[in-house]
Number of protein chains: 2
Amino acid sequence: MDALLRFIHAMTTFSEESWIRLQPALSTQEFKKNEFLLKEGAVCQSLFFIEKGYCRSFYEIDGVEKNTAFYLENEIATNIRSFGSGEKSAAGIIACEPIKAIVFDKKLLFEAAAQTAEIEALGRNCIRLFAAKQDEFATLFNIYAAKDRLAYIEEKHPHLLQRVSQTQLASFLGVARETLSRIRKRRVP
Amino acid sequence: MDALLRFIHAMTTFSEESWIRLQPALSTQEFKKNEFLLKEGAVCQSLFFIEKGYCRSFYEIDGVEKNTAFYLENEIATNIRSFGSGEKSAAGIIACEPIKAIVFDKKLLFEAAAQTAEIEALGRNCIRLFAAKQDEFATLFNIYAAKDRLAYIEEKHPHLLQRVSQTQLASFLGVARETLSRIRKRRVP
DNA sequence: TTTCACCTGTGACGATCATCACAAAATATA
DNA sequence: TATATTTTGTGATGATCGTCACAGGTGAAA
């Protein structure tokens with residue numbers, strides 16, 4: 001819970017009282033490797049604060065998984081479209097390592113937010129941060145070629161490369177595994 | 001202002017009183033064609049509700065503009081990362097047609113939100129909608145090839161094709177203008 | 001240690017794309 | 001209307017990428 005408190009305090013002002021009022025919406029949950037946090041087709045009812053381990057969000061297209069995001073320690077994992085709208089999620093979220101997460105239940109979170117402005121602001125800031133992260137990676141695809149996307153990740157998110165396999169990274173960068181291998185090779189001076 | 005009220009009511013519950021309290025944060029503003037709503041390098045202090053006309057968000061990379069979004073009537077235009085964080089925007093927003101917009105001033109909006117839960121909820125829902133739209137188009141790039149991205153826009157956002165030139169659309173789809181022309185030609189039965 | 005599943009690198013080849021160049025068509029402006 | 005500007009289509013060519021195929025390497029479980 002300490003990590004979550006630090007995460008919250010880094011984002012917004014949050015009193016002891018708000019923390020206590022937030023508790024009913026929280027629960028800890030563990031996931032084994034390759035266990036689903038969210039199955040595609042299900043409605044996303046939760047925000048997952050990742051304490052330990054990491055997971056990935058992906059779409060399955062013609063039997064092939066296309067990764068759209070990785071969520072590492074001290075980040076919030078969710079499907080923002082399904083969580084916000086209540087519609088089924090087209091993407092799944094799956095644990096890449098054993099995960100310890102603190103789960104925000106949507107219904108209970110909204111009840112707590114209705115009571116306290118600080119919790120309402122917390123929810124807003126979580127969405128804002130999530131949107132900013134999404135914007136960052138969406139921009140990657142809009143303006144860069146594959147090799148530049150790799151360079152960007154190497155510079156701005158080097159920790160990702162320490163954890164994620166080439167296969168998973170290639171899927172995230174939007175190229176075939178073989179192409180990623182060749183991009184690496186091509187630019188070695 | 002009617003269009004804005006309809007937009008708000010479609011999204012969240014909003015009393016007469018909240019509407020009155022929101023007024024100080026609002027102003028109407030007009031932009032000529034090719035006038036900037038937001039210059040790249042500036043901090044985004046506003047949400048622009050588009051009443052008439054449309055605009056596009058773009059990055060300039062090596063002298064070439066890469067479109068990342070179009071904002072048409074009854075949509076909110078902004079740079080979510082700069083608006084949320086207060087950092088400079090790497091993207092610009094420019095009017096593609098003469099625009100009439102209702103501008104939400106960030107500072108005054110936050111003051112109004114601090115007073116009223118409904119306005120706070122409005123802000124949260126605006127961000128949520130914006131994030132959902134962003135997620136939709138980010139996914140486009142993650143999982144589809146260029147020709148499938150075009151097919152998606154044709155099916156889900158046909159009104160875009162009525163307004164936007166091939167050149168602008170190609171930039172948005174992430175292909176050269178010539179390639180878009182050939183994609184169209186290639187699949188005609 | 002051996003086996004087996006999985007990950008990574010690499011070659012070959014066809015498909016798709018970017019780029020340069022130029023002409024035709026559409027649109028704006030005088 | 002006539003002229004200028006912008007937009008679009010198309011050919012040629014080289015670069016990049018996806019796919020199929022296979023080999024070497026790594027790590028986990030028997």
Side-chain angles (χ1 to χ4, degrees), chain A residues 32-35 53-56 58-68 70 94-98 140-154 160-189, chain B residues 32-35 53-56 58-68 70 94-98 140-154 160-189:
Chain A
K32 295 173 189 167
K33 182 174 175 176
N34 293 326
E35 194 177 346
Y54 80 99
C55 56
R56 64 187 166 89
F58 67 96
Y59 288 78
E60 190 178 323
I61 306 290
D62 300 330
V64 181
E65 294 184 356
K66 308 268 190 178
N67 295 333
T68 58
F70 297 102
I94 195 168
C96 301
E97 293 178 356
L140 254 191
F141 280 86
N142 272 304
I143 68 180
Y144 292 137
K147 70 173 193 307
D148 300 316
R149 295 201 285 272
L150 174 60
Y152 181 91
I153 296 295
E154 285 175 336
L160 254 186
L161 305 176
Q162 311 301 320
R163 307 275 294 266
V164 173
S165 75
Q166 304 290 14
T167 304
Q168 297 295 352
L169 181 64
S171 170
F172 174 68
L173 291 175
V175 296
R177 180 184 60 76
E178 297 90 333
T179 301
L180 176 57
S181 173
R182 289 177 183 120
I183 288 173
R184 287 179 182 285
K185 186 182 171 187
R186 203 179 299 159
R187 52 167 195 184
V188 173
Chain B
K32 294 172 190 168
K33 183 173 176 177
N34 293 326
E35 194 177 347
Y54 79 99
C55 56
R56 65 188 167 89
F58 67 96
Y59 288 79
E60 190 179 322
I61 306 290
D62 300 329
V64 181
E65 294 184 356
K66 308 268 190 178
N67 295 332
T68 57
F70 296 103
I94 195 169
C96 300
E97 294 177 356
L140 255 191
F141 280 85
N142 272 303
I143 67 180
Y144 292 136
K147 71 174 193 305
D148 300 317
R149 295 203 284 274
L150 174 61
Y152 181 90
I153 297 295
E154 285 176 334
L160 256 184
L161 305 176
Q162 310 301 320
R163 307 277 294 265
V164 173
S165 75
Q166 305 290 9
T167 304
Q168 297 295 351
L169 182 64
S171 170
F172 174 69
L173 291 175
V175 295
R177 179 184 61 77
E178 298 91 332
T179 301
L180 176 56
S181 172
R182 288 176 185 120
I183 288 173
R184 287 179 181 285
K185 186 183 171 187
R186 204 179 297 157
R187 50 165 199 184
V188 174

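A note on names: the letters A, B, ... follow the listed sequences, proteins ahead of strands, and every chain is numbered from 1.
- Not counting sequence neighbours, the partners of B/Glu97 by the side-chain contact (heavy atoms from CB on, under 4.5 Å) test are B/Tyr54, B/Arg163.
- Rounded to a whole Å, the CZ atom of A/Arg186 is 14 Å from the C1' atom of C/dG9.
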Under 3.5 Å, sequence neighbours excluded: what are the donor-acceptor pairs made by side chains of residues 142-150 of chain B?
residue, atom, partner, partner atom, Å
B/Asn142, ND2, B/Ala138, O, 3.2
B/Arg149, NE, B/Leu173, O, 3.0
B/Arg149, NH1, B/Tyr144, O, 2.9
B/Arg149, NH2, B/Leu173, O, 2.8

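- Under the salt bridge (Lys or Arg N to Asp or Glu O under 4.0 Å) criterion, B/Glu65 pairs with B/Arg56, not counting sequence neighbours.
- Distance CZ/A/Arg177 to CZ/A/Arg182: 9.0 Å, rounded to 0.5 Å.
- To the nearest 0.5 angstrom, B/Lys185 atom NZ is 13.0 Å from B/Ile183 atom CD1.
- Counting only heavy atoms from C-beta on, A/Lys185 has its side chain closest to C/dT10 among C/dT10, D/dG11, C/dC7.
- Here C/dT27 presents its P atom at 12 Å from CD of B/Gln166, a figure rounded to the nearest Å.
- For the pair B/Ile183 CD1 and D/dG9 P, the computed distance is 12 Å after rounding to whole Å.
- If you measure from atom CD1 of A/Ile61 to atom P of D/dG18, you get 15 Å, rounded to the nearest angstrom.
- Listed by residue number, A/Arg177, A/Glu178, A/Ser181, A/Arg182 are the residues of residues 169-182 of chain A with a heavy-atom contact under 4.0 Å to DNA chain C.
- Looking only at distances, no side-chain donor or acceptor of B/Asn67 sits under 3.5 Å from a matching main-chain atom of B/Ser171.
- Taking every heavy atom of both residues into account, B/Leu169 and B/Val164 meet most closely at N-CG1, 3.6 Å.
- A rotation axis mapping the C1' atoms of four pairs onto the next four is fitted at both ends of the helix from C/dT1-D/dA30 to C/dA30-D/dT1 over five pairs, and the angle between these axes is 50° to 10 degrees.
- Scanning for side-chain contact (heavy atoms from CB on, under 4.5 Å) contacts around B/Ser181 gives an empty result, with sequence neighbours left out.
- Taking B/Ala176 as the reference, B/Glu178, B/Thr179 meet the side-chain contact (heavy atoms from CB on, under 4.5 Å) condition, with sequence neighbours excluded.
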Polar atoms only, N or O, under 3.5 Å: list the protein pairs with nucleotides 28-30 of chain C and their distances.
none

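- Spacing between atom OH of B/Tyr144 and atom C1' of D/dG18 amounts to 19 Å, rounded to whole angstrom units.
- Contacts of A/Ala145 with the nucleic acid, taken as non-hydrogen atoms under 4.0 Å apart, are absent.
- In terms of phosphate contacts, A/Thr167 brings a side-chain nitrogen or oxygen within less than 4.0 Å of OP1 or OP2 of C/dT8.
- Annotation: side chain to side chain donor-acceptor pair (under 3.5 Å) contacts of A/Glu35 (sequence neighbours excluded): none.
- Listed by chain and residue number, A/Phe172 satisfy the ring-ring contact (aromatic ring centres under 6.0 Å, His included) test with A/Phe70 (two or more places apart in sequence, or in another chain).
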